[in-house]
Amino acid sequence: MNIDEAREVTSKALEHLSESLAQGESKVLREYLAAMGRFHRYSMSNVLLIMIQRPDATRVAGYQTWRKLHRQVTRGAKGIMIFAPLVRKAVDRSECGIEIERQKLVGYRAAVVFDVADTAGNPLPSLTHFEGNPGEYLGRLKSLVTESGCAFEYSTGIFPAQGQCSAGKIILLPDLAPAEEFHVLTHELAHSRLHFSARRAETTKCIRETEAEAVAFVVGQAVGLQTNSASWDYVKLYNGDKDTLAQSLQHIQHVSTEILSGITPP
């Protein structure tokens, strides 16, 4: 598969997502969001490419990366083609005349990665998986909220709501179970990062709630937490427009990655 074929594959995959949602079926999108949780460091297009070529993939890396991890790609393994950035060095000059070197994105090339199932060698370090308890990730999530400049508090005054978000402030109902608190806090943090800008006027309340719930689902999946959003109706992300769907998925991907980067080891 060359890069033009990969672009065509991702375009058709997005068409398939749109068609599924137009028919009222959100299972395909839930599967995509679950893949986004497993591969949150990858772009939306690369998540689609991985999902299409290897639906059961759990962890992917290039040949040399696997070698650095003391694992060897097995003979005859079929690689997964993704987009890799092409960068070159550029030099800018500051107002003081100081030269500042930076990397400039100039395009993309085709690259091949392999799933961990197609490798053998030393055991890999991995995130702890939970059955309904977020463990230390809940504390890290709370720290991320406050470090981002958002006030965080508990109040029974928001009942029957479990969480509430306004510009610069998140309130949770006290005494939630840890898994529930993690899920609700992620949902409200997603609102805080997604829906208090000029873009808010371009979305409906339904779209905003579904995007926030999708982020909570992706983040929960990534840390091995079973959340109640598995049954959420993600068909609401589709508003009859493939481009609008793609934009929502890009926002979900971006904020999910931001949150996960803040609470998980690099």
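We're numbering straight along the sequence, starting at 1.
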Verdict with reasoning, Ser43 to Gln250, per side-chain contact (heavy atoms from CB on, under 4.5 Å): CA-CA 8 Å; Ser43 68; Gln250 287 172 345; over 6 Å; no
Any side-chain heavy atom of [X] sitting closer than 4.5 Å to one from [Y]?
X: Ile259; Y: Val218; answer: no
X: Gln72; Y: Thr119; answer: no
X: Val223; Y: Phe182; answer: yes
X: Leu173; Y: Val184; answer: no

Under 4.5 Å between side-chain heavy atoms, hopping through other hydrophobics if needed: is there a path connecting [X] to [Y]?
X: Val87; Y: Ile3; answer: yes
X: Phe83; Y: Val106; answer: no
X: Ile207; Y: Tyr32; answer: no

Using distance alone, with no hydrogens and no angle criterion, decide if [X] and [Y] have a side-chain donor and acceptor under 3.5 Å apart.
X: His254; Y: Arg193; value: no
X: Gln162; Y: Glu180; value: yes
X: Glu211; Y: Ser248; value: yes
X: His187; Y: His191; value: yes

Results of salt bridge (charged side-chain N to carboxylate O under 4.0 Å, His left out) for Glu153 - residues two or more places apart only: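 With neighbours one apart ignored, the set is Lys169.
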side-chain contact (heavy atoms from CB on, under 4.5 Å) assessment of Ser256 paired with His40: CA-CA 7 Å; Ser256 298; His40 60 273; 5.5 Å; no
Positive for salt bridge (charged side-chain N to carboxylate O under 4.0 Å, His left out) with Asp118, one of Arg75, Arg54, Lys78: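 Testing Asp118 for a salt bridge (charged side-chain N to carboxylate O under 4.0 Å, His left out) against Arg75, Arg54, Lys78 leaves exactly one candidate, Arg54.
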Residues in side-chain contact (heavy atoms from CB on, under 4.5 Å) contact with His70, at least two apart in sequence or another chain: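 With neighbours one apart ignored, the set is Asn122.
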Check ion pair Lys142-Glu181 (N to O, under 4.0 angstrom):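 Between Glu181 and Lys142 there is a salt bridge, with a charged N closer than 4.0 Å to a carboxylate O.
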